[in-house]
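Worksheet: the structure to be examined is printed underneath.
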Amino acid sequence: LKWLSGSGMVSTEIDIIPGVLAWAPGVDVSKFGPDDEFELSLDLCRLESSEANVERGSAVYAVTHYTEAAMGRAFGPLGFPQVLRFCRSLTSRLEKNESLKHRLVLGTLVGDEDGRTNACMLLGAYLILARSWTVSQTSEAIGKAEADRCFVCSWARKDRPEPKRNMKVLDCWLGLELVRNNGWFDPTCLMCDVGTDFVCSKMRTWVSTYDASWLIPGFIMVCADPVTTALDPNPITFKDLLPKDGKLKLVHHDVDPCSPKSCPDTPMSSGATPAVASGESPFRNQDAMVSIPSESNLQEQGVSQVTNGCSYPKIELARIEDEVLAPGENESTDTVCKEYRLAFGTLLNTELEPLDFVSFVKQSGIGLVVRTNFNAEPGMPKAGSYDPKELAPFGLEHLEIQVVDQNGGLPRRADVAKMLKACPKLVSGSEGRGVVVHCKGGFGRSVVLACCLAIDQFDVPGRALLGWVRVARPGSVNTPQQETFLQGLSGREDVRRFAGLSVDKGDESSEPNACCSVL
């Protein structure tokens, strides 16, 4: 491989940690000495695990449950499991090189500007999470030009002009620093391969089985409308919204995968599984795994797919051309729809028993479910969403905040106010008062409202949250309008002013302020 400047950009070697680690995207390897070891940065996402049943990492941007074609122009940022695998691999590599007195030089492929942007974000993530650097230190070491590299908006379509790139690598670094400083992630899981594997596998389980992700662990979760996930014929997804016998299926848990206890003192013995906290793996057999497909060339005829000897029917979805929407309902234009007729990979264990959705959210400490989508939208089953009354017997409150999925999918002032008023004391951490917010896909409307809640509860900047949610849940924030909306909120005062609420949470009677910039 040649390491030459691509796209006419100036590429130079940067000594990040003198004598230990260098960043040299697009630099000719011949200029370095015999004590330098070269590595393609993205290859470090592929953690070599000692556990045979743990899936190795990948350096490819992906959104679980969606095809590569559906993702459009989006190429990153890579998800948090990939970030953790990169950090763990780099930590391990540097420990080994220390004894050999070798310097590790990270680079990227010639002309791969998208890969360079992802790699730059990962390198900063390592410095912030594994070495406790500040964003200022990280930006100064790697360089402003690298920090200002931008990502394409999630789901940007290839058949339309590329929208303006709003989110920078710097935003992702700010988000990771925010997560570290607020204790939403503990870096001790990076001390060993087992700890990293454990956390990554839990995150993969949540999104694969429930299409759900924690934005603020223990406080705020986002997911797709559970009906769309329950109807997915993929055998790894849950099938029941409610417990079949009317009794919650709660599993004992006492360890948070993102807590200091998540890194075992000793490697797990074969077949052993640690205790789990919020979002416990729903599988009775922890070794069971399913590969999620990414095929884009799928037949469009109304035939069933046959996989592993099983026939999966085509799901009937609500579409504009064959169904008249009720008054007040809307045509979805800013998101993509799940493709249910997929050719699944091999199922290693056919006796999976995913918990029903209600049991899952209850054991995750959730007390409130917020729905932001309409009952009938393209991509929703013709039968519509669930009946909120069915949740009440299980101790779940429900809040309806329907946001039209057009013109950027932004919430109204009244929508944000309703959300904030419904969750006045989330930060106190009262048991069973976590919140799960969903829209149809769990990427746009739900994430924006969840971010508004997080900004209000924790008084954090929207720009940092934008960077974090794009990593925590790839595919999040799916319009440029949503990006700029979040970037314009510097903290609690801004989001409460937009919602027309008093900055003092004790007085929420004020009217919307005309100076707010987003309507």
Side-chain angles (χ1 to χ4, degrees), residues 77 121 124 128 134-140 144 147-151 153-154 164-185 215-216 219-220 222 403 408-421 423-424 426-427 435 437 444-473 476-508 510-519:
M121 190 279 287
I128 292 166
T134 65
V135 170
S136 296
Q137 289 175 306
T138 302
S139 183
E140 182 178 355
K144 185 179 184 302
D148 285 343
R149 298 180 74 87
C150 293
F151 289 98
C153 184
S154 301
K164 178 184 176 182
R165 299 190 181 191
N166 296 311
M167 195 187 79
K168 299 179 179 181
V169 166
L170 177 65
D171 297 332
C172 294
W173 293 347
L174 289 169
L176 294 171
E177 182 182 53
L178 178 71
V179 168
R180 182 200 68 196
N181 290 349
N182 280 276
W184 300 335
F185 161 76
L215 295 192
I216 312 297
F219 293 106
I220 305 174
V222 294
V403 179
L410 289 174
R412 299 168 301 173
R413 299 174 190 276
D415 297 332
V416 177
K418 188 175 182 180
M419 184 73 172
L420 302 189
K421 288 181 179 180
C423 308
L426 189 62
V427 167
V435 180
V437 190
R445 295 164 288 178
S446 58
V447 172
V448 172
L449 270 178
C451 285
C452 288
L453 177 60
I455 293 169
D456 180 55
Q457 293 286 325
F458 298 94
D459 196 16
V460 295
R463 178 176 293 275
L465 266 183
L466 170 63
W468 163 239
V469 299
R470 287 284 298 271
V471 172
R473 185 167 174 81
S476 290
V477 190
N478 50 31
T479 70
Q481 294 95 322
Q482 291 174 350
E483 289 181 319
T484 55
F485 173 67
L486 291 178
Q487 288 174 328
L489 300 174
S490 61
R492 177 182 296 141
E493 183 176 346
D494 281 351
V495 75
R496 295 186 72 80
R497 183 178 292 113
F498 171 78
L501 302 178
S502 170
V503 175
D504 178 5
K505 288 190 176 185
D507 178 12
E508 304 193 330
S510 61
E511 294 299 319
N513 193 320
C515 70
C516 294
S517 59
V518 183
L519 300 178

Who are the salt bridge (charged side-chain N to carboxylate O under 4.0 Å, His left out) partners of Glu140, not counting sequence neighbours? none
Is any side-chain heavy atom of Leu466 closer than 4.5 Å to one of Cys451? no
Val169 versus Phe151: any side-chain heavy-atom pair under 4.5 Å? yes
What residues, two or more places apart in sequence or in another chain, satisfy side-chain contact (heavy atoms from CB on, under 4.5 Å) together with Thr134? Ser136, Gln137, Glu177
Apply salt bridge (charged side-chain N to carboxylate O under 4.0 Å, His left out) to Lys168 and list each qualifying residue two or more places apart in sequence or on a separate chain. Asp148
The criterion is side-chain contact (heavy atoms from CB on, under 4.5 Å); which residues satisfy it with Pro480, sequence neighbours excluded? Cys153, Pro163, Asn166, Glu483
If we only count heavy atoms from C-beta on, is the Met167 to Asp171 side-chain gap below 4.5 Å? yes
Can you list everything that forms a side-chain contact (heavy atoms from CB on, under 4.5 Å) with Val416? Sequence neighbours excluded, please. Pro411, Leu420, Leu449, Cys452, Val495, Phe498, Ala499
Candidate pair Arg412 and Asp415, rule salt bridge (charged side-chain N to carboxylate O under 4.0 Å, His left out), full reasoning: CA-CA 5 Å; Arg412 299 168 301 173; Asp415 297 332; 2.9 Å; yes
Show your reasoning for whether side chain to side chain contact (heavy atoms under 4.5 Å, CB included) applies to Val448 and Phe485. CA-CA 9 Å; Val448 172; Phe485 173 67; 3.7 Å; yes
Check ion pair Arg497-Asp494 (N to O, under 4.0 angstrom): yes
Nearest 0.5 angstrom please: Met419 CE to Asp456 CG, how far? 10.0 Å
Side chains of Ser154 and Arg470: is there a donor and an acceptor less than 3.5 Å apart? yes
Taking atom CZ of Arg165 and atom CZ of Arg149, what is their separation to the nearest 0.5 Å? 9.0 Å
Of all heavy-atom pairs linking Gly124 and Thr138, the shortest is CA-CG2, 3.6 Å
Less than 6.0 Å separating the ring centroids of Phe185 and Trp468? no
What is the minimum heavy-atom distance between Val471 and Pro77, and which atoms define it? CG2-CG, 4.0 Å
Distance (rounded to the nearest 0.5 Å) between Leu410 CG and Arg445 CZ: 11.5 Å
Side-chain contact test, heavy atoms from C-beta onward, threshold under 4.5 Å: evaluate it for Leu465 versus Leu486 and give yes or no. no
Who are the ring pair (Phe, Tyr, Trp, His ring centres under 6.0 Å) partners of Trp173, not counting sequence neighbours? none
Looking at CG of Asp459 and CD of Glu493, how far apart are the two atoms once the value is rounded to the nearest 0.5 Å? 9.0 Å
Is there a donor-acceptor contact under 3.5 Å from the side chain of Gln482 to the main chain of Gly409? yes
Interatomic spacing from CZ in Arg463 to OG in Ser490 - rounded to 0.5 Å: 11.0 Å
Where Cys423 and Leu453 come nearest, the two heavy atoms and their spacing: CB-CD1, 3.6 Å
Roughly how far, to the nearest 0.5 Å, is CG of Leu215 from OG of Ser446? 8.0 Å
